[in-house]
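Some notes on the structure that comes next.
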Amino acid sequence: KLQFLYLIEQVLSCVCVRPPPARTMRSQLALLALCGVAASFDLLVGSAGCDVTDTVCVPPPAVDLVTTVRAEGGQLTRGADLSAGKGPGWVVKSAGRAYVALGGESALAAYTVHEGALSPLGGKMPTGGVGPAFFSLSHDRAHAFVANYGGCDNCTKPDGSVSVMRVAPSGAMGAVTQNVPHHGHSVNPDRQLCAHVHSVYPHPDPAVPVVYACDLGLDTITTYKFDAGKEALSQVAVASASRPGAGPRHMAFHPLGHVAYVLEEMGNAVAVYDIDAADGRLTFRKAVATTAVTGGKAAEVVVLGGQGGAPILLYASNRGDCDACNSVQAFEVHPATGDLAPRAATATRRFPRGIEPYYDAAAGVQLLFVASQGEGYLTQYRVGRDGALAKEAELGGLNTPATIAFL
């Protein structure tokens with residue numbers, strides 16, 4: 001009875017940011033749930049150096065780091081730093097393994113994960129292309145699909161490409177089974193003199209053997225069919241960006257899998273595409289601006305699937321070399337049509353390159369984490385039903401953080 005009264009007293013005084021300590025483990029868990037505070041968990045943060053358009057960012061001496069971060073009780077605590085290699089600009093976690101794309105070495109590396117610590121698993125494996133900026137895993141985790149960005153932003157070569165790589169049963173990276181080059185250019189002489197494959201995604205339905213490749217340099221999204229037996233891709237269709245020069249960068253999908261959302265970096269927009277149920281090809285519907293501020297560029301897009309009865313939300317981050325350029329824009333997603341309705345915009349620290357959602361089912365808490373590359377901060381926000389973001393915790397001193405994965 002006394003323990004129950006103590007719990008009620010603490011709940012009534014709880015500010016739901018940093019709950020007071022409870023007297024037993026059971027009452028602590030109950031307090032966390034009643035206060036709506038997410039349980040503790042670990043994150044992995046990759047670094048990418050300073051953005052070429054950021055005139056203020058000063059790269060730290062040890063820029064090529066992957067850092068673990070502990071989120072607990074409304075606080076973020078820095079853990080171990082891992083010197084993974086050159087340019088660890090994209091990280092992925094899957095089934096007790098962590099994977100890192102090393103853009104400066106044109107390779108992928110795998111690690112085992114145990115209690116927040118990473119240990120190398122096999123060696124670094126070349127991707128078959130230049131400058132991997134992104135990769136994803138097949139639904140069965142037997143293959144990796146790699147977006148090789150190619151040469152520098154204003155170079156005419158080498159072109160970007162898409163690679164298929166084996167993943168061993170142990171989780172170690174295997175050899176390249178296919179490399180598909182992209183060729184061509186688009187209208188922006190500063191960014192689109194050659195192909196720049198920026199991301200590659202499997203179709204959200206494991207039963208549909210389709211892969212999408214966003215090419216910033218060509219203003220295209222290519223639909224490929226994946227033959228797991230042959231370990232190879234074959235082209236199905238090519239969709240264009242919403243306009244020339246828009247620069248498709250990343251993608252997200254409606255929870256029902258019938259709509260795709262393509263973040264256009266230079267166009268500062270989310271382009272909405274219908275997904276054909278027969279072969280997965282994309283048909284452009286409309287584009288919605290991510291910001292009204294000129295001079296910046298979009299960076300990342302994620303969809304929150306409406307857990308706990310909340311609305312389905314889409315978030316897009318905007319970055320640039322002006323204070324007003326840096327923000328995260330929320331959209332409410334229509335549960336049936338997938339149409340986007342703008343909601344709250346939240347100002348962030350400089351160059352919010354990476355954003356990643358986390359949902360704690362036990363506490364009923366939806367969080368969004370933002371990696372601000374230009375200032376070296378990781379920020380934890382609580383997501384409101386209307387899409388508004390409330391800052392809960394922040395960790396500075398990170399090495400140009402650009403990408404986030406949950407361990």
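Only heavy atoms go into these numbers, but all of them, side chains included; no hydrogens, no water, no symmetry mates.
Glu300 is listed as a side-chain neighbour of Ser317, based on a closest heavy-atom distance under 4.5 Å. No side-chain heavy atom of Phe369 sits less than 4.5 Å from a side-chain heavy atom of Val69. Between Arg249 and Cys214 the shortest side-chain heavy-atom distance does not fall below 4.5 Å. Between Val328 and Val370 there is a side-chain heavy-atom pair separated by less than 4.5 Å. When side chains are defined from C-beta on, Asn188 counts as touching Met266, because their heavy atoms get closer than 4.5 Å. Put simply, the side chain of Leu43 does not reach to within 4.5 Å of the side chain of Thr68, judged on heavy atoms. A 4.5 Å side-chain heavy-atom check between Thr67 and Leu398 finds at least one atom pair inside the cut-off.
Ring geometry for His250 against Trp90 counts as perpendicular: the plane angle is over 60°, on a 0 to 90° scale with 30° as the lower cut.
A salt bridge links Asp339 with Arg285: the distance from a Lys NZ or Arg NE/NH1/NH2 to an Asp or Glu carboxylate oxygen falls below 4.0 Å. The pair Arg349-Asp323 does not meet the salt-bridge criterion, since no charged nitrogen lies less than 4.0 angstrom from a carboxylate oxygen. Under 4.0 Å is where a charged nitrogen must lie from a carboxylate oxygen, and between Asp321 and Arg350 at least one such pair does. We find that Lys225 and Asp279 are not joined by a salt bridge, their nearest charged nitrogen and carboxylate oxygen being 4.0 Å or further apart. Under 4.0 Å is where a charged nitrogen must lie from a carboxylate oxygen, and between Glu264 and Lys297 no such pair does.
Not a single donor-acceptor pair under 3.5 Å links the side chain of Glu332 to the backbone N or O of Leu314. Between the side chain of Tyr99 and the backbone N or O of Gly171, at least one donor-acceptor pair lies under 3.5 Å. Listed for the Thr290 side chain is no donor-acceptor partner under 3.5 Å among the backbone atoms of Ala316. For Asn148 (side chain) and Gly131 (main-chain N/O), no donor-acceptor pair under 3.5 Å exists by modelled atom type. In terms of modelled atom types and a separation under 3.5 Å, the side chain of His254 and the main chain of Tyr261 share no donor-acceptor contact. Side-chain atoms of Arg78 never come within 3.5 Å of backbone atoms of Arg70 as a donor-acceptor pair (strictly under, hydrogens ignored). Between the Asp64 side chain and the Gly87 main chain, a donor and an acceptor come within less than 3.5 Å of each other. In this structure, Tyr377 contributes its side chain and Pro401 its backbone to no donor-acceptor pair below 3.5 Å. Although no hydrogens or angles enter the test, the distance criterion places a donor-acceptor pair under 3.5 Å between the side chain of Gln192 and the main chain of Leu216. A donor-acceptor contact shorter than 3.5 Å links the side chain of Gln373 to the backbone of Gly49.
Applying the salt bridge (charged side-chain N to carboxylate O under 4.0 Å, His left out) rule to pairs touching residues 84-113 yields Glu105-Lys124, sequence neighbours excluded.
Between the side chains of Asp159 and His182, not a single donor N or O lies within less than 3.5 Å of an accepting N or O. Under 3.5 Å, the side chains of Thr379 and Glu394 contain a donor-acceptor pair of N or O atoms. Checking Asn318 against Ser327 by side-chain atom types alone, a donor-acceptor pair falls below 3.5 Å. Side chains of Ser163 and Asn179: a donor-acceptor N/O pair is present below 3.5 angstrom, by distance only. A side-chain N or O of Asp219 and one of Ser186 form a donor-acceptor pair less than 3.5 Å apart.
The side-chain contact (heavy atoms from CB on, under 4.5 Å) check on Ala252 picks up Val301, Val303, with sequence neighbours excluded. For Gln178, the side-chain contact (heavy atoms from CB on, under 4.5 Å) partners at least two apart in sequence or on another chain are Val164, Val180, Ala232, Leu233.
Ala393 approaches Leu76 most closely through the heavy-atom pair CB-CG, 3.9 Å.
In this structure, Cys155 and Cys194 have their SG atoms no less than 2.5 Å from one another.
Considering Tyr201, Phe226, Tyr212 as possible partners of Phe145, the one that fulfils the ring pair (Phe, Tyr, Trp, His ring centres under 6.0 Å) test is Phe226.
How far CG of Asp54 is from OG1 of Thr400: 10.5 Å, rounded to the nearest 0.5 Å.
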Please report the C-alpha distance between Tyr149 and His198 in whole Å, then the side-chain angles of each, then the deciding distance to 0.1 Å, and finally whether the ring-ring contact (aromatic ring centres under 6.0 Å, His included) criterion is met.
CA-CA 6 Å; Tyr149 188 78; His198 215 308; 5.3 Å; yes
Evaluation steps, salt bridge (Lys or Arg N to Asp or Glu O under 4.0 Å), between Arg281 and Asp276
CA-CA 5 Å; Arg281 70 180 62 213; Asp276 189 281; 5.5 Å; no
Given Leu367 and Tyr359, is the side-chain contact (heavy atoms from CB on, under 4.5 Å) satisfied, shown in steps?
CA-CA 6 Å; Leu367 303 174; Tyr359 181 70; over 6 Å; no
